[in-house]
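Report on the following structure.
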Amino acid sequence: MPELPEVEVVRTGLQRWVSGRTIRRVDVLHPRAIRRHSEGPGDFSARLTGASIPYVSRRGKYLWFPLASEGHQGPAEQALMGHLGMSGQLLIVSASAPPHRHLRVRMAFEETDQELHFVDQRTFGGLHITALVDDGAGGLLPDAAAHIARDPLDPLFDEAEFIRRTRLRDVEIKRLLLDQTLASGIGNIYADEALWRARLHGRRLGSSLRRADVAVLLQAVREVMSEALAQGGTSFDELYVNVNGESGYFDRSLEAYGQAGLPCSRCGAQIRREAFMNRSSFWCPSCQRAPRRRPSVRG
DNA sequence: CATAGATCCTGTATGC
DNA sequence: TGCATACAGGATCTAT
């Protein structure tokens, strides 16, 4: 459930359930799920066992669980970091329930029969342990997320910097929206939805946009993500659910994403689809004017 | 250096 | 029914 609204729904659910609990046992069922943990499954499990989790945090689409150890005062120095990739789920399930087909990592806790399961069909997601470092604003951030920008809903998001950097790039604006080092949390769905709301074509180059265009686009990003968050995120199927296995409703509010052939709700033109980065882009050919084709390098 | 495209994986839907 | 192909919410590597 990979974009900001879906990850935030998961973070909220985890925070409510896991805060203050102590890890009793960890089983890695698929090594690929912890491939970023270079010391391997044995070290992964050993370092988590006995640690307690004071809260759950997020930067963009990354989630992390700070690890507090018995007898150590002060802020946590390490964290269990997670990314859901394309199909990852963090589920709170009964230990006695039959395990999910794509269960990759299971974590048991003291004083409860509920477990935290990392389930991931496509295995693009994963978990690993990372150091926590100063985030430059009085908080902590995993080393592994230091390159990720704040998201546009974050009060400390630097809008002027986003606008400045966007306008320096000869890159399509949709690709820039997906670049997590510029602004985080935006994925393929909300990029298309925000571009539709801002009436901008995703193939416009960053360098072709006026400051005001980028500001309008950012506002559209904030609105669409806020609305999606309020609806529990976007779910098309059972791959994208909250920690209790429940779907969000925002798929009913999509105006562009997945709407190829259907009329644009603003102007009635048929929404179109084209391949983009091995996925798809959806847009209204009337509301979102396409740029002239880029001149080829060879002329 | 900057940019555009490919790639990691497993599953489902669709068409022949 | 069987098989091939296209496509899927992301991040990152690699050619040019």
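Numbers restart at 1 for each chain; the letters A, B, ... are given by sequence-line order, proteins then strands. Values below: every heavy atom of this structure, side chains too, minus hydrogens, waters and symmetry copies.
For DNA chain B, if you chain together Watson-Crick or G-U pairs that step i with j, i+1 with j-1 and so on, the runs of at least three with distances under 3.5 Å are B:2-8 with C:10-16, B:10-16 with C:2-8.
Taking the six-membered ring for Trp, A:F109 and A:W17 have ring centres closer than 6.0 Å.
Identified under the salt bridge (charged side-chain N to carboxylate O under 4.0 Å, His left out) test for residues 251-261 of chain A, with sequence neighbours left out: none.
Among the protein residues, A:Y62 comes within range of the sugar-phosphate backbone only, with heavy atoms under 4.0 Å from sugar or phosphate atoms but none that close to a base. Using a 4.0 Å heavy-atom criterion, one finds that A:R35 contacts no nucleic acid atom at all. When heavy atoms are screened at a 4.0 angstrom cut-off, A:R169 is found touching the sugar-phosphate backbone but no base atom. A:F236 comes within contact range of at least one nucleobase, with a heavy-atom separation under 4.0 Å. At the heavy-atom level, A:H30 lies nowhere under 4.0 Å from the strands shown.
If you check B:dC8, B:dG11, C:dG9 against the side chain of A:F124, the one that comes closest is B:dC8.
Through chains of ILVMFWY side-chain contacts below 4.5 Å, A:W64 is grouped with A:Y55, A:Y62, A:M81, A:L132, A:L140, A:L141, A:I148.
Between A:D192 and A:K174 there is a salt bridge, since at least one side-chain N of the basic residue sits less than 4.0 Å from a carboxylate O of the acidic one.
Regarding A:E274, its CD atom lies at a distance of 17 Å from the P atom of C:dA6, rounded to whole Å.
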